[in-house]
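Throughout, a chain's letter reflects where its sequence line sits, starting with A, and its residues are numbered from 1.
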Amino acid sequence: MRREKLARLQAEGKDPFAVVTYKQTEHSTQIKEAFETYEGKDVSIAGRMMSFRDIGKASFSDLQDRDGRIQVYANADHLGLEDYARFKTYDMGDIIGVEGKVFKTRRGEISVEARKITLLAKALEPLPEKFHGLKDPETRYRRRYLDLVMNREVMDTFRKRTKIISSIRDYLDEREYIEVETPVLSTIASGAAARPFTTKSNALNLHLHLRIATELYLKRCIVGGMERVYDMGKNFRNEGIDIRHNPEFTMIELYQAYADYHDMMELCENLLSNAAMKACGATKVSYQGTELEFAAPWRRLTMIDAVKTYGGPDFSAVKTDEEARELATKLGLTEDLKKKLKDCTKGDILNAAFEKFAEKNLIQPTFIMDYPTDISPLTKQKPGDPTMTERFEAFVYGREIANAYSELNDPIVQLDRFTQQAKERELGDDEAYMFDEDFVSSLEVGMPPTGGMGIGIDRIVMFLTDAYSIRDVILFPTMKPQE
RNA sequence: GGGCCGUUAGCUCAGCUGGCAGAGCAGCAGACUCUUAAUCUGCGGGUCGCAGGUUCGAUGCCUGCACGGCUCACCA
């Protein structure tokens, strides 16, 4: 039916798809928000026809543009019988341009009285139902364009996402950070504990990995003297998919020479509270019914204290790996360990205890400081305690949103850590860090003391847009093909 | 990967104990020059996710598969 209408228009020489441009002078909210200045003035608007209320020789329709909807009043007096009759053949979902005068109807609805209506594109497929909208999650993710047309809060979410990202860029740019682009493809995917995607270069006849982190390249930039750098972009991790994980996700990593992890904590607080202000107009936001306060200062707690605070044992009293293993057995932690108990160090067991006792209780933004050295191969040790490092993770609503360190810059120690990771890989841990020899060479050239941090952008967008699932903040989430 | 749930018209959903496939919106034809989920009259619309099985008869029961959602495990 719609195809026939299109063919008829084309036969009449009125092919909508032949239109190349349209002058749009205003958007819907501009007119609605400043009605007094627009009343009686001519405007030219464009958008999708979302409804059509035909009352004979006049009609009302709702035109939806980027910002929202505005009512269009059309009648035969102003358009002429022929043009009005043609307009009545247009369908819901069609893209039209309307030139006309701004006025208010007797019922008080701000509207545009059409003088000229141009069909700019024909919708051959009907829109979902106007009242119930599009609900099926599968269709919403697979055909996001329909979701955006029908569910305006989705548009709001993605506009907020942009605001959050630009607030972060602005904040760092003001502090003279240099934005760089590090490789997505490389032979070594290191800098995090995750399985990579692999692909193949025909030109080089080489297996390559998609990056799982940007860390090792950004630190090379620090060695080169850039002093403050960041890379915001996609990382790819070949892991499970759920409401918090998508195989490709957006991460910012930033590095600042002559800074440490305390400086990173301040930066983290500032970036997040600034993003909340820019996107939500306040530092306090509601997430899934819980109020979250992003204003600095956030709570700071060592990992050992966190475990103790939330009902776990006091690890400061544990001196040896052997003692820790006994404790793990006593507490029934063995199920939560990633390795066999006999291969676990005190650090592994402390981390497991943290995840079991403390993590889910960290609702308000909290920095957990001082991570075990064994699980932090790129981090500088704490002065006076080689088993612990100057590392923190930031938690909100029980979820990790940031990970930061005083960066390890001693090439000899770094070499040892990579060697240790290689052993773990041989023991079957396919998420152990890949050995990057050139990175160690770069440290031999000399890297200044540096603080670095990674922040999961999708997750902070989730908190600031009250999104339940990561799929709600990624326009086109990873899906299996339908057939 | 395990468990639970879902898949019926373009969309949102009903469909009883197994007995001719339903509604609203959308669409089509008509009426109406201030409607806004417009209203009124009439009409058309289906591979009941796919493949088997049981049965006289399956949208419904059984098995397998596909896709999706939630959840547990893993990870970030």
Side-chain angles (χ1 to χ4, degrees), chain A residues 1-5 49-63 69-79 81 84 88-89 91-93 103-111 113-114 123-143 146-147 149-151 191-196 212-213 235-251 253 335-338 355 359 375 393-395 398-403 429-431 454-460 462 468-472 477-483:
Chain A
M1 198 65 214
R2 290 179 181 225
R3 281 168 204 277
E4 289 164 22
K5 286 183 186 173
M49 222 166 89
M50 297 302 290
S51 69
F52 189 72
R53 297 177 290 281
D54 181 13
I55 49 168
K57 293 197 172 49
S59 64
F60 296 90
S61 24
D62 292 308
L63 192 74
R69 293 184 185 188
I70 189 162
Q71 182 169 264
V72 172
Y73 174 64
N75 68 24
D77 298 343
H78 289 109
L79 288 173
L81 280 172
Y84 185 68
K88 279 178 70 162
T89 68
D91 292 299
M92 288 223 266
F103 78 113
K104 203 178 257 188
T105 64
R106 277 172 224 162
R107 296 281 179 90
E109 179 84 17
I110 294 165
S111 307
E113 189 179 64
L124 295 178
E125 183 182 314
L127 289 175
E129 205 239 354
K130 64 182 170 189
F131 187 60
H132 296 94
L134 177 66
K135 287 185 176 168
D136 176 37
E138 187 169 353
T139 310
R140 292 185 52 203
Y141 297 144
R142 280 190 200 282
R143 307 187 72 197
L146 282 177
D147 193 27
V149 170
M150 299 307 298
N151 299 315
R195 280 179 282 262
I212 57 173
N235 283 349
F236 306 85
R237 297 188 185 176
N238 208 340
E239 308 278 1
I241 300 174
D242 61 30
I243 52 164
R244 273 165 294 200
H245 301 92
N246 194 64
E248 54 176 298
F249 62 102
T250 303
M251 174 109 113
E253 286 194 40
E335 295 290 305
D336 303 300
L337 294 168
K338 285 160 192 130
E355 287 175 7
E359 203 171 34
I375 59 167
E393 289 191 357
F395 288 86
R399 298 176 190 171
E400 181 200 337
I401 60 160
N403 182 15
D429 180 0
D430 53 4
E431 290 179 358
I455 300 174
I457 298 295
D458 307 288
R459 290 195 177 168
I460 67 169
M462 284 170 71
Y468 178 70
S469 168
I470 195 168
R471 289 182 212 100
D472 296 328
T478 307
M479 305 281 277
K480 276 197 190 182
Q482 223 156 1
E483 278 169 345

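- In this structure, A/Met251 reaches neither bases nor backbone, as no heavy-atom distance under 4.0 Å exists between it and the strands shown.
- One N or O donor and one acceptor, one from the side chain of A/Thr105 and one from the base of B/U35, sit under 3.5 Å apart.
- When rounded to the nearest whole Å, the span between CG of A/Asp54 and C1' of B/U35 equals 10 Å.
- Evaluation of atom-type donor-acceptor distances gives no pair under 3.5 Å for the side chain of A/His132 against the base of B/C11.
- Within 4.0 Å (heavy atoms only), A/Met150 reaches no atom of the nucleic acid at all.
- Between A/Glu138 atom CD and B/U7 atom C1' there is a gap of 8 Å when expressed in whole angstrom units.
- Look at the C1' atom in both B/G2 and B/G57: the space between them is 37 Å, to the nearest Å.
- In this structure, CD of A/Glu239 is placed 8 Å from C1' of B/A76, rounded to the nearest angstrom.
- Look at the P atom in both B/G15 and B/U8: the space between them is 14 Å, to the nearest Å.
- What separates CG of A/Asn246 from C1' of B/G68 is a distance of 15 Å, to the nearest Å.
- Which of B/U12, B/C28, B/U35 sits closest to the side chain of A/Asp91 comes down to B/C28.
- Of the nucleotides present, B/C43 is the one that pairs with B/G27 by Watson-Crick or G-U wobble criteria, both distances under 3.5 Å.
- Using the Watson-Crick or G-U wobble rule with both distances under 3.5 Å, B/G1 pairs with B/C72.
- Closest approach of A/Ile212 to A/Ala192, counting heavy atoms only: CD1-O, 3.4 Å.
- Across B/G68, B/C34, B/A37, the shortest atom-to-atom separation from the side chain of A/Phe131 is found for B/A37.
- Within the nucleic acid shown, A/Lys57 comes within 4.0 Å of at least one base atom, counting heavy atoms only.
- Across all strands shown, A/Glu400 has heavy atoms under 4.0 Å from sugar-phosphate atoms exclusively, and none from any base.
- Between A/Ala76 and A/Leu81, the shortest heavy-atom contact is CB-CD2, 3.9 Å.
- Checked against B/C13, B/U33, B/G68, the side chain of A/Lys480 finds its nearest nucleotide in B/G68.
- Each of A/Thr105, A/Asn75, A/Val72 was evaluated against A/Phe60; a single residue qualifies, A/Thr105, per the side-chain contact (heavy atoms from CB on, under 4.5 Å) test.
- For A/Lys5, the NZ atom sits in a packed shell: over 12 heavy atoms of surrounding residues, nucleotides or ligands are nearer than 6.0 Å.
- For B/A38, the OP1/OP2 oxygens have a side-chain nitrogen or oxygen of A/Arg53 closer than 4.0 Å.
- When the side-chain nitrogen and oxygen atoms of A/Tyr73 are compared with OP1 and OP2 of B/A38, none of them lie within a distance under 4.0 Å.
- Side chain of A/Arg195 to main chain of A/Arg237: no donor-acceptor pair is present (N/O by atom type, distance under 3.5 Å, no hydrogens or angles).
- With B/G68, B/A76, B/U35 as the choices, the nucleotide that has an atom nearest any side-chain atom of A/Arg237 turns out to be B/A76.
- Proximity note for A/Lys135 (side chain, C-beta onward) versus B/C70, B/U12, B/A26: the nearest is B/U12.
- Base pairing annotation: B/U7 forms a Watson-Crick or G-U wobble pair with B/A66, both donor-acceptor distances under 3.5 Å.
- Base pairing annotation: B/C13 forms a Watson-Crick or G-U wobble pair with B/G22, both donor-acceptor distances under 3.5 Å.
- If you take atom P in B/G19 and the same atom in B/G60, they sit 11 Å apart, rounded to whole Å.
- Counting to the nearest Å, the P atom of B/A76 and the CD1 atom of A/Ile241 are 16 Å from each other.
- Taken to the nearest 0.5 Å, the CZ atom of A/Arg69 stands 10.0 Å off from the CG atom of A/Leu63.
- At a threshold of 4.0 Å, the pair A/Asp62-A/Arg53 counts as salt-bridged, since one of the basic side-chain nitrogens sits closer than that to a carboxylate oxygen.
- Among the heavy atoms of the strands, none lies under 4.0 Å from A/Arg399.
- A/Ala192 comes within 4.0 angstrom of nothing in the nucleic acid, heavy atoms only.
- With C1' as the reference atom, B/U71 and B/C62 are 26 Å apart, rounded to whole Å.
- The existence of a salt bridge linking A/Glu109 and A/Lys104 is excluded, since no basic side-chain nitrogen approaches an acidic carboxylate oxygen closer than 4.0 Å.
- Looking at heavy-atom distances under 4.0 Å, A/Phe395 makes no contact with the nucleic acid at all.
- One C1' atom belongs to B/C20, the other to B/G46, and the distance between them is 14 Å to the nearest Å.
- Comparing the C1' positions of B/A23 and B/G27 gives an interatomic distance of 16 Å, to the nearest angstrom.
- For B/A38, there is no paired base (Watson-Crick or G-U wobble, both distances below 3.5 Å).
- Residues A/Glu113 and A/Glu431 both approach RNA chain B. Their nearest nucleotides, taken by heavy-atom distance, put A/Glu113 toward the 5′ side.
- B/U47 and B/A21 are spaced 14 Å apart, taking the C1' atom of each and rounding to whole Å.
- Computed from coordinates, the A/Asn403 CG to B/C75 C1' distance equals 14 Å when rounded to whole Å.
- Within 3.5 Å, a donor on the side chain of A/Asp242 pairs with an acceptor on the base of B/C74, or the reverse.
- The nearest whole Å value for the distance from the CG atom in A/Asp136 to the P atom in B/G10 is 14 Å.
- In this structure, A/Arg471 places its CZ atom 9 Å from P of B/G68, rounding to the nearest Å.
- The side chain of A/Lys5 contributes an N or O atom lying less than 4.0 Å from OP1 or OP2 of B/C28.
- The only option from A/Asp136, A/Thr139, A/Asn151, A/Leu134 that meets the side-chain contact (heavy atoms from CB on, under 4.5 Å) definition with A/Pro128 turns out to be A/Leu134.
- Across the C1' atoms, B/A9 and B/C70 are found 28 Å apart, a figure rounded to whole Å.
- Counting any heavy atom pair closer than 4.0 Å across all strands shown, A/Ile243 reaches sugar-phosphate atoms only and no base atom.
- Here the side chain of A/Glu129 is nearest to one of B/U35, B/G69, B/C25, namely B/C25.
- Side-chain N/O atoms of A/Arg107 include one lying less than 4.0 angstrom from OP1 or OP2 on B/U35.
- Where A/Ser51 and A/Lys104 meet RNA chain B, the nucleotide closest to each residue was compared, and A/Lys104 sits on the side nearer the 5' end.
- Heavy atoms of A/Gly454 sit nowhere under 4.0 angstrom from any nucleic acid atom.
- For the pair A/Lys130 and B/A26, the criterion of a side-chain N or O lying under 4.0 Å from OP1 or OP2 is met.
- Here A/Glu129 does not pair with A/Lys135 in a salt bridge; the nearest charged N to carboxylate O distance is not below 4.0 Å.
- For A/Phe249 and B/A76, the ring-to-base geometry satisfies the stacking test (centroid distance below 5.5 Å, interplanar angle below 30°).
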